[in-house]
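Atom set for the values below is all heavy atoms of this structure, side chains included, hydrogens, waters and symmetry mates excluded.
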Amino acid sequence: MKVSIITTCLNREATIRGSIESVLSQTYPDIEYIVVDGKSQDGSLKIINEYKDRIHHIVCEADNGMYEAINKGLRLATGDIVGFLHSDDVFYSQDTISRIVKEFENRDIEYVYGNGLYVTFGMDQVVRDWVSGEFDKEKLKHGWLPLHTTVFVKRHIFDRVGYYNEKYKIASDSDWQVRCLYLNDTKVSYINEYIVRMRMGGISTSLRLTLRKWREDLQLFREAGLNPFFSLTYKVVSKMPQFVYAKLKNKLMSFL
């Protein structure tokens, strides 16, 4: 099975190399790698071009946000499976893609997700430990969603569900997942393993953008026929233990 990995980038010269090398170091042999750069003004494109012989598609042009860039990558993707690795993130291990593919091969599924770690910029400390848990469609009514950066899907899902809605600037991944998991009968599998390490400070983790994200969440929950205020409140509250657990885990590790 061919796996298409899409990385979007805008002015990420400090981190893009690590993301690229994380993809290129995967042990799985059949990966189509697509990098979409939003016409970065720093040294990002220079770094990307250092790997041009190993990246299948490089797009460099202005866009109207991350989700337009993601959609550009999706239109280029030819893999049986599609996943994303953002330019601040790295895969948890070199065998991550192999493990994902094995799950697809062993079961009749369309959508796989797992766990993720939010880390400090230097990736030396865990800030949030996101253990997604088993899938249950009823949980979606409470605002629960898998961590998007751990999600891999069969490419044909986009023909049925559609691409990312570019009217949302922060929460389009949540909107897409609600359409995929709540409004469609997608075949889902959860693997209780870490998939990705993500640096805090991205578009969805910046405190100054939190209120805007909540407004978008309310809108997408409402459009899906969910109780928007109930779903958003539960979603926010349910994430608090992730920070507490990570802090306790860090303290435990410091004693060992």
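W176 and H148 have perpendicular rings, their planes meeting at more than 60° on a 0 to 90° scale where under 30° would count as parallel. In this pair, Y113 and Y111 present their aromatic rings perpendicular. The plane angle is above 60°, beyond the 30 to 60° band. Relative ring orientation between Y164 and F158 is described as tilted, the plane-to-plane angle lying within the 30° to 60° band.
The shortest distance between side-chain heavy atoms of V23 and I55 does not fall below 4.5 Å. Side-chain contact between L181 and V188 is present, with heavy atoms from C-beta onward closer than 4.5 Å. Looking only at side-chain heavy atoms (C-beta outward), Q41 and N11 come within less than 4.5 Å of each other. In this structure, the side chains of T7 and I16 come closer than 4.5 Å at one or more pairs of heavy atoms. Counting only heavy atoms from C-beta outward, the side chains of I97 and I5 approach each other to under 4.5 Å. The shortest distance between side-chain heavy atoms of I58 and D37 does not fall below 4.5 Å. A heavy-atom distance below 4.5 Å is found between the side chains of Y67 and D173. Proximity of D80 to F104: side-chain heavy atoms (C-beta onward) are nowhere separated by under 4.5 Å.
The existence of a salt bridge linking K141 and E138 is confirmed by a sub-4.0 Å separation between a basic side-chain nitrogen and an acidic carboxylate oxygen. Using a 4.0 Å cut-off between charged nitrogen and carboxylate oxygen, K167 and E223 count as a salt-bridge pair. With respect to K46 and E50, no salt bridge is recorded, no charged nitrogen being found less than 4.0 Å from a carboxylate O.
Judged by distance alone, the side chains of E166 and N64 never bring a donor and an acceptor atom under 3.5 Å apart. Under 3.5 Å, the side chains of Y190 and N192 contain a donor-acceptor pair of N or O atoms. Side-chain contact, Y194 with T96: no donor N or O sits under 3.5 Å from an acceptor N or O.
Between the side chain of N115 and the main chain of S132, a donor-acceptor pair closer than 3.5 Å is present. Between the side chain of R155 and the backbone N or O of G79 there is at least one donor-acceptor pair closer than 3.5 Å. Put simply, the side chain of D89 never gets that close to the backbone of L85: no donor and acceptor are under 3.5 Å apart. Panel note: side chain R128, backbone Y118; no donor-acceptor pair is recorded below 3.5 Å. Between the S172 side chain and the K169 main chain, no donor and acceptor come within less than 3.5 Å of each other.
Connection of M66 to L10 is not established within any shared hydrophobic cluster, with ILVMFWY side chains joined at heavy-atom distances below 4.5 Å, either directly or through further cluster members. Note on F121 and W130: separate hydrophobic clusters, where clusters join Ile, Leu, Val, Met, Phe, Trp and Tyr whose side-chain heavy atoms are under 4.5 Å apart, directly or indirectly.
Applying the salt bridge (Lys or Arg N to Asp or Glu O under 4.0 Å) rule to D63 yields no partners; only residues at least two apart in sequence or on another chain are considered. For D159, there are no salt bridge (Lys or Arg N to Asp or Glu O under 4.0 Å) partners, not counting sequence neighbours.
To the nearest 0.5 angstrom, M123 atom CE is 8.0 Å from R197 atom CZ. Between the CZ atom of R199 and the OG1 atom of T120 there is a distance of 9.0 Å, given to the nearest 0.5 Å. Going from atom NE2 of H57 over to atom OG1 of T78 covers 6.0 Å, rounded to the nearest 0.5 Å. One finds the CD1 atom of I31 at 13.0 Å from the CE atom of M1 (value rounded to the nearest 0.5 Å). Taking OG of S4 as the start and OH of Y33 as the end, the distance is 12.0 Å to the nearest 0.5 Å. Here the CG-NZ distance, from L45 to K52, works out to 10.0 Å after rounding to the nearest 0.5 Å.
Residues L147 and M198 approach most closely at CD2-CE, 3.4 Å, considering heavy atoms. The shortest heavy-atom contact between E32 and L76 is OE2-O, 4.0 Å. Across every non-hydrogen atom of S189 and I109, the tightest pair is CB-CD1, 3.6 Å. Closest approach of A224 to V178, counting heavy atoms only: CB-CG1, 3.4 Å. Pairing each heavy atom of E216 with each of I170, the nearest pair is OE1-N, 3.0 Å. The two residues E13 and I47 come nearest to each other via the heavy atoms O-CD1, 3.4 Å.
The side-chain hydrogen bond (donor to acceptor under 3.5 Å, both in side chains) test with T186 is passed by exactly one of R160, E110, K137: R160.
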Next item on the list: Kindly determine whether I191 and I100 satisfy side chain to side chain contact (heavy atoms under 4.5 Å, CB included), including the steps that lead there.
Entry: CA-CA 9 Å; I191 55 175; I100 295 292; 3.7 Å; yes
Next item on the list: Would you sort out whether I20 and I48 count as a side chain to side chain contact (heavy atoms under 4.5 Å, CB included), showing the intermediate values?
Entry: CA-CA 8 Å; I20 292 172; I48 293 167; 4.0 Å; yes
Checklist line | side-chain hydrogen bond (donor to acceptor under 3.5 Å, both in side chains) between S44 and D42, intermediate numbers included | finding: CA-CA 6 Å; S44 296; D42 62 0; 2.8 Å; yes
Checklist line | Chi angles and distances behind the side chain to side chain contact (heavy atoms under 4.5 Å, CB included) call for Y163, R75 | finding: CA-CA 9 Å; Y163 286 3; R75 293 185 182 98; 3.4 Å; yes
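Atom CZ of R54 is surrounded by 12 or fewer heavy atoms from other residues, nucleotides or ligands within 6.0 Å. Heavy-atom neighbours of N49 CG from other residues, nucleotides or ligands within 6.0 Å: above the threshold of 12.
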